[in-house]
Number of protein chains: 2
Amino acid sequence: MKPLTQKTLTISIQDYLKHIYELTENGENASTNALARKLRISAPSVTGMVQKMASAKPALVEYQKHQGVTLTKEGRRAALEVIRHHRLLEAWLVQTLGYSWDEVHEEAERLEHVISEDFERRIAAAMGHPLRDPHGELIPTADLKMPIEDSTPLSALRPTQTGTIQCVKAADTGLLRYLESLGLVPGAQIEVKEYSPFDHNLTVKVGRKTTVLGMNITSKIYIEES
Amino acid sequence: MKPLTQKTLTISIQDYLKHIYELTENGENASTNALARKLRISAPSVTGMVQKMASAKPALVEYQKHQGVTLTKEGRRAALEVIRHHRLLEAWLVQTLGYSWDEVHEEAERLEHVISEDFERRIAAAMGHPLRDPHGELIPTADLKMPIEDSTPLSALRPTQTGTIQCVKAADTGLLRYLESLGLVPGAQIEVKEYSPFDHNLTVKVGRKTTVLGMNITSKIYIEES
DNA sequence: AATAAAATTTAGTTATGCCTAAATTATTCT
DNA sequence: AGAATAATTTAGGCATAACTAAATTTTATT
């Protein structure tokens, strides 16, 4: 008996659902292997749990051997509930406790599983039912529909095109701090100056700063064109 | 496979510690049976876990067969940490989200285990480092000392004595609502009118209301005499 | 089409935290 | 003190969610 770990590193069903949702947003099925990588557990563990979630009543996922998983209506609702919690919490932490956008993710990650529906309603109301979180990500509605994102990845823009940053799809603290230092935050005006066909790098101007950005970044920033 | 319960109703070490703290506040050891009743699990389960907590390094409790449990310094710190979280959260939920004092307990019960030290610091600072929660219970300090409670149980007062309600030690929603309807909330002035030696009932006057209270209630209300 | 490589599942194991039933130890009563 | 009762622990078991190693199925290559 050493430090008495307990706190079983068991992954909650909610986390399974959330990650399956993220993997299937593009319409594809999520492979059990991809899920395993994302959840940082072994592939057999995922297969086992996915089989249970599929044979639960009501079923949370659809699953066929070697075909990967998708969410059922039930499963999707549960996933959107967690995502709504997460994003409302991020907004709430920033607005009322002065967290910065690079600090909120971890905290929200833990809180999202334990807040009540009452708590959810109260913070949503207190903030005037926000549509997006501090990164600009859309917040699922109270009736658990995901609004449609109409902005385009920065990576799809070409020189002379301009727009407003709508959303930055990233959770990593270091990256977020870096992007903020460049002014690459939701609401910022951006103009594409140059495009390099070799590596798909874009040279962009934000405020009075000009920066060269790689695909790894431009694919994560979403723009409302103007 | 039915509704897929998961969410192991496993009791966290933090909860064990919190309940042991509550049972040993009066200086006595906590019996494993009393703990079992409080945690609503079987006595053997408690014995097993308590043995682990005692042989963990660092040990969280001291335990000898048939002698019950007490907290070690480590264990007490961990317990006070959770209690501090709980009470700060209750205060914060009331102050910033408009919860009433009878609604906060459950929510705080779940949140207390997942908030970060950073979160704790932020809400404490935002509220100006409150000394008591909405029920008047003392909040352990940031360095994890429990302040000393200097008020007396209402049950110890006798006619003509007066004072201010300092603290109401109750968590039950119904009881709290009832007490609030009688004006029996922290800060209220109270005067003892009559004492019944048979059943120890007290007749008290709060505001312009006069009420007869049984021991079950008077033992839970703490008064600062005046 | 056959074979090699990769992805995925099955089989079997482990650790944990709970349980019930039985055994033991402590306490109370006459 | 001795017997009856109550409190507590030991023993043995079960369920769950993870794991590794082996088997199988799918996909890619020649």
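Proteins come first, then strands; the chains are lettered A, B, ... in the order of their sequence lines, and each starts at number 1. Because the structure is a prediction, the values reported are computed rather than measured.
Distance CG (B:D15) to P (C:dG17): 13 Å, rounded to an integer number of Å. The CD atom of B:Q64 sits 15 Å away from the C1' atom of C:dA26 (whole-angstrom rounding). Going from atom CD of A:Q51 over to atom C1' of D:dA17 covers 13 Å, rounded to whole Å. Going from atom CD1 of B:I13 over to atom C1' of C:dC18 covers 13 Å, rounded to whole Å. In this structure, the CE atom of A:M49 is 16 Å from the C1' atom of C:dT9, given to the nearest Å. Rounded to an integer number of Å, the gap from CD1 of B:I41 to P of C:dT20 is 11 Å. Atom OH in B:Y16 sits about 11 Å away from atom C1' in C:dT16, given to the nearest Å. Look at CG on B:L39: it is 10 Å from P on C:dC19, rounded to the nearest Å.
Side chains of B:Y99 and B:E107: a donor-acceptor N/O pair is present below 3.5 angstrom, by distance only. With hydrogens and angles left out, the side-chain atoms of A:H105 and A:H135 include no donor and acceptor closer than 3.5 Å. For the residue pair A:H85/A:E112, the side-chain donor-acceptor check at 3.5 Å is not satisfied. Checked by atom type, the side-chain pair A:S100/A:D102 shows a donor-acceptor distance below 3.5 Å. A donor and an acceptor atom, one from each side chain of B:N33 and B:S31, are nowhere located under 3.5 Å apart. For the residue pair B:E149/B:S151, the side-chain donor-acceptor check at 3.5 Å is satisfied.
Listed candidates were D:dA18, C:dC18, D:dT16. Nearest to the side chain of A:I11 is D:dA18. With distances taken from any side-chain atom of A:S45 to the nucleotides C:dT16, D:dA18, D:dT9, the minimum falls on D:dA18. Residue A:T10 places its side chain closer to D:dA17 than to any other of D:dT8, C:dG17, D:dA17. Nearest nucleotide to the side chain of B:N33, out of D:dT9, C:dC18, D:dT8: D:dT8. With distances taken from any side-chain atom of A:K52 to the nucleotides D:dT9, C:dT10, D:dA17, the minimum falls on D:dA17.
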Which protein N or O atoms sit under 3.5 Å from an N or O of nucleotides 21-28 of chain D?
none

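Regarding contacts with the backbone of C:dA7, every side-chain N or O of A:T32 stays at 4.0 angstrom or more from both OP1 and OP2. Contact between the side-chain N/O atoms of A:S31 and the OP1/OP2 oxygens of C:dA7 is not found at any separation under 4.0 Å. Not one side-chain nitrogen or oxygen of A:Y63 sits closer than 4.0 Å to the OP1 or OP2 atom of C:dT8.
A heavy-atom distance below 4.5 Å is not found between the side chains of B:L88 and B:D133.
Nucleic acid contact class of A:S42 (heavy atoms, under 4.0 Å, all strands): base.
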